[in-house]
Asker: 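Pasting in a structure now, in structure tokens, and then I'll have a few things to ask.
The structure displayed is predicted, hence computed values, not measured ones. These values consider heavy atoms only, across backbone and side chains, with no hydrogens, waters or symmetry-generated copies. All ligand and atom numbering here is 1-based and tracks the order in the structure.
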Amino acid sequence: MYERVRDIGEKIKSMEIRGAGRIGRATALALKYFSEDFKGSKEEFLKELEEVKNYLLSTRPTAVSLRNAIYYVVNRKQGSTLEELKESIIKNAEDFIKRSEEALQIIGKYGAGRIPDGATILTHCNSSVAIQCIVQAYRDGKKIKVFNTETRPWLQGHITARALAKEGIDVTMIVDSAVRYFMRDIDIVVVGADTIASNGAVINKIGTSQIALAAHEARVPFIVCAETYKFSPETVIGKLVKIEERDPREIANPEDFPGVKFRNPVFDATPPEYIDAIVTELGVISPYLAYEIIKEVMNVGIEGKEDRH
Ligand SMILES: O=P(O)(O)OC[C@H]1O[C@H](OP(=O)(O)O)[C@H](O)[C@@H]1O
């Protein structure tokens, strides 16, 4: 495997590169590096491209951004010669990265609009898109406060808290289990997404669905910020989103707990009835419009979907 590809793949696996958007962009970059570094014939290129695709797909199973980045870069490749194919992949990768960065800025603006002046916001884990919305609201002059969860077991909430504090935002970190206790102080919940299914369910960091439940109970609006490449085309044809379970040692050392089993799922699904809106770069939509986004806008092949025309 090519060194620069392996380096990105292993960083995604170990979560040194994490967050669905960053994972998508890193995947596109790995495919660009592969095309730049490849030496050999056209036939070898196409064969090794498949191997690189499968390797990257194996690094993290839940975030569809990884899969959609591959579709975008590889399935749209054009050309008949080796040079043309390589150039096409490099261009598609650069295009994906650029569009992803632009989407982040646009969602920041749309999402900020949903945050009222004076609001106390709750966020979970570390979502670059959710943070973008919060920071934009603050830069727009809104007097906001943020509560953020520490987010066990990886404690990505630490990254969020530091980023918001650095921006000058009033931020309070709480343990994950304190969410319902504080919900009475919250005006709006803002989170990101790893994958959005065709029925509008949002798969995000473990604990998100509990937060949505507590918000629903307290009638607190719950919004999800996500680029359109986090919608999953495969869910249209009945595939279920695979929930990644990671090493139990991320929770505790099993050797210290003889006879105890551990489970470490890192994502859960929040049903659409608990979600007030999804903020995408194409606009703010109802979760029930997820299928429309996948069908009309993503313009990626849904492998295995029957064509009825
Ligand atoms: O794309 P952005 O908004 O940055 O992140 C989206 C989501 O990706 C993260 O997953 P992980 O920490 O990689 O497991 C979190 O679940 C976060 O909400």
Asker: Could you tell me which atoms of ligand 1, counted from 1 in the order shown, lie closer than 4.0 angstrom to a heavy atom of Gly21?
Answerer: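 Under 4.0 Å from Gly21, ligand 1 has these atoms: 1 (O), 2 (P).
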Asker: Return the option from Ile23, Ile159, Asn204 holding the heavy atom at the smallest distance from atom 17 (C) of ligand 1.
Answerer: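 Selected option, by shortest heavy-atom distance: Asn204.
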Asker: For ligand 1, is any non-hydrogen atom under 4.0 Å from His124's backbone (N, CA, C, O), its side chain (CB onward), both, or neither?
Answerer: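 Under 4.0 Å from ligand 1, His124 contributes no heavy atoms.
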Asker: Answer with side chain, backbone, both or neither: which part of Ala193 has a heavy atom less than 4.0 angstrom from an atom of ligand 1?
Answerer: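 It is the backbone that gets close, since no side chain atom is under 4.0 Å.
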Asker: Under 4.0 Å, counting heavy atoms only: does Asn126 come that close to any atom of ligand 1?
Answerer: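 A heavy atom of Asn126 does come that close to ligand 1.
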Asker: Got the closest protein heavy atom to atom 5 (O) of ligand 1, with its distance?
Answerer: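 Nearest protein contact, heavy atoms only, for atom 5 (O) of ligand 1 is Ala20 N, 3.4 Å.
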Asker: Can you figure out which of Ser100, Cys125, Ala63, Cys133 has its heavy atom closest to atom 15 (C) of ligand 1?
Answerer: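 It is Cys125 that holds the nearest heavy atom.
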Asker: Under the side chain to side chain donor-acceptor pair (under 3.5 Å) rule, what do Asn264 and Glu250 come out as? Steps first, then yes or no, please.
Answerer: CA-CA 8 Å; Asn264 184 21; Glu250 290 180 353; 3.0 Å; yes
Asker: What atoms of ligand 1 come closer than 4.0 angstrom to any heavy atom of Arg60?
Answerer: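 Once the distances to Arg60 are compared, the set is 11 (P), 13 (O), 14 (O).
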Asker: Mind checking whether Tyr2 and Phe38 have parallel, tilted or perpendicular rings, split at 30° and 60°?
Answerer: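 If you compare the ring of Tyr2 with that of Phe38, the planes turn out tilted.
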Asker: Under 6.0 Å between ring centres, would you say that holds for Phe231 and Tyr291?
Answerer: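 Ring centroids of Phe231 and Tyr291 are no less than 6.0 Å from each other.
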Asker: Is the shortest side-chain N to carboxylate O distance from Glu50 to Lys53 below 4.0 Å?
Answerer: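 Looking at Lys53 together with Glu50, the answer is yes, because their closest N to O distance falls below 4.0 Å.
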Asker: Ligand 1 and Glu227, any nitrogen or oxygen pair closer than 3.5 angstrom?
Answerer: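 Not met; the criterion fails.
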Asker: Between Glu3 and Arg6, does at least one N-O distance fall below 4.0 Å, as a salt bridge requires?
Answerer: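 Salt bridge: no.
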Asker: May I ask you to list the atoms of ligand 1 that are less than 4.0 angstrom from any heavy atom of Ser128?
Answerer: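 Per the distance check, 1 (O), 2 (P), 3 (O), 4 (O).
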Asker: To the nearest 0.1 Å, how far is atom 8 (O) of ligand 1 from its closest protein heavy atom, and which atom is that?
Answerer: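 Here the nearest protein heavy atom works out to Asp194 OD2, 2.9 Å.
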Asker: Kindly determine whether Asp268 and Ser209 satisfy side chain to side chain donor-acceptor pair (under 3.5 Å), including the steps that lead there.
Answerer: CA-CA 6 Å; Asp268 64 21; Ser209 67; 3.0 Å; yes
Asker: Quick check: does any side chain N or O of Asp187 sit under 3.5 Å from a backbone N or O of Thr120, one acting as donor and the other as acceptor?
Answerer: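 Answer holds: yes.
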Asker: Could you check whether Phe34 and Phe45 have their ring centres less than 6.0 Å apart?
Answerer: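 Close enough - the centres of the two rings lie under 6.0 Å apart.
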Asker: Does Trp154 have a non-hydrogen atom less than 4.0 Å from ligand 1?
Answerer: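 Contact check Trp154 vs ligand 1: negative.
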Asker: Under a 4.0 angstrom heavy-atom cut-off, which atoms of ligand 1 come close to Lys230?
Answerer: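 Going through ligand 1 atom by atom, the ones under 4.0 Å from Lys230 are 1 (O), 2 (P), 3 (O).
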Asker: Identify, for atom 3 (O) of ligand 1, the protein heavy atom at the shortest distance, and state residue, atom and that distance.
Answerer: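 Its nearest protein heavy-atom neighbour is Ser127 OG, 2.7 Å.
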Asker: I'd like to know if Val191 contacts ligand 1, where contact means a heavy-atom distance under 4.0 Å to any ligand atom.
Answerer: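 Heavy atoms of Val191 never come under 4.0 Å of ligand 1.
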Asker: If you define the side chain from C-beta out and look only at heavy atoms, does anything of Lys32 sit under 4.5 Å from Val73?
Answerer: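 The answer is no, as the side chains (C-beta and beyond) never meet within the 4.5 Å cut-off.
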Asker: Is the shortest heavy-atom distance from the side chain of Asp276 to the side chain of Ile188 under 4.5 Å?
Answerer: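 Result no, sub-4.5 Å side-chain heavy-atom pair not found.
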Asker: Please confirm whether Arg180 makes a cation-pi placement over Phe182, using NZ or CZ under 6.0 Å from the six-membered ring centre and within 45° of the ring normal.
Answerer: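 Relative to the ring axis of Phe182, which defines the angle, Arg180 lies outside at least one limit.
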Asker: Which atoms of ligand 1 sit under 4.0 Å from any heavy atom of Val129?
Answerer: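 Answer for ligand 1: 3 (O).
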Asker: Could you tell me which atoms of ligand 1, counted from 1 in the order shown, lie closer than 4.0 angstrom to a heavy atom of Arg18?
Answerer: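 Result: 9 (C), 11 (P), 12 (O), 13 (O).
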Asker: Give me the nearest non-hydrogen protein atom to atom 14 (O) of ligand 1 as residue plus atom name, then the distance to 0.1 Å.
Answerer: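 Checking every protein heavy atom, the shortest distance to atom 14 (O) of ligand 1 gives Lys205 NZ, 2.6 Å.
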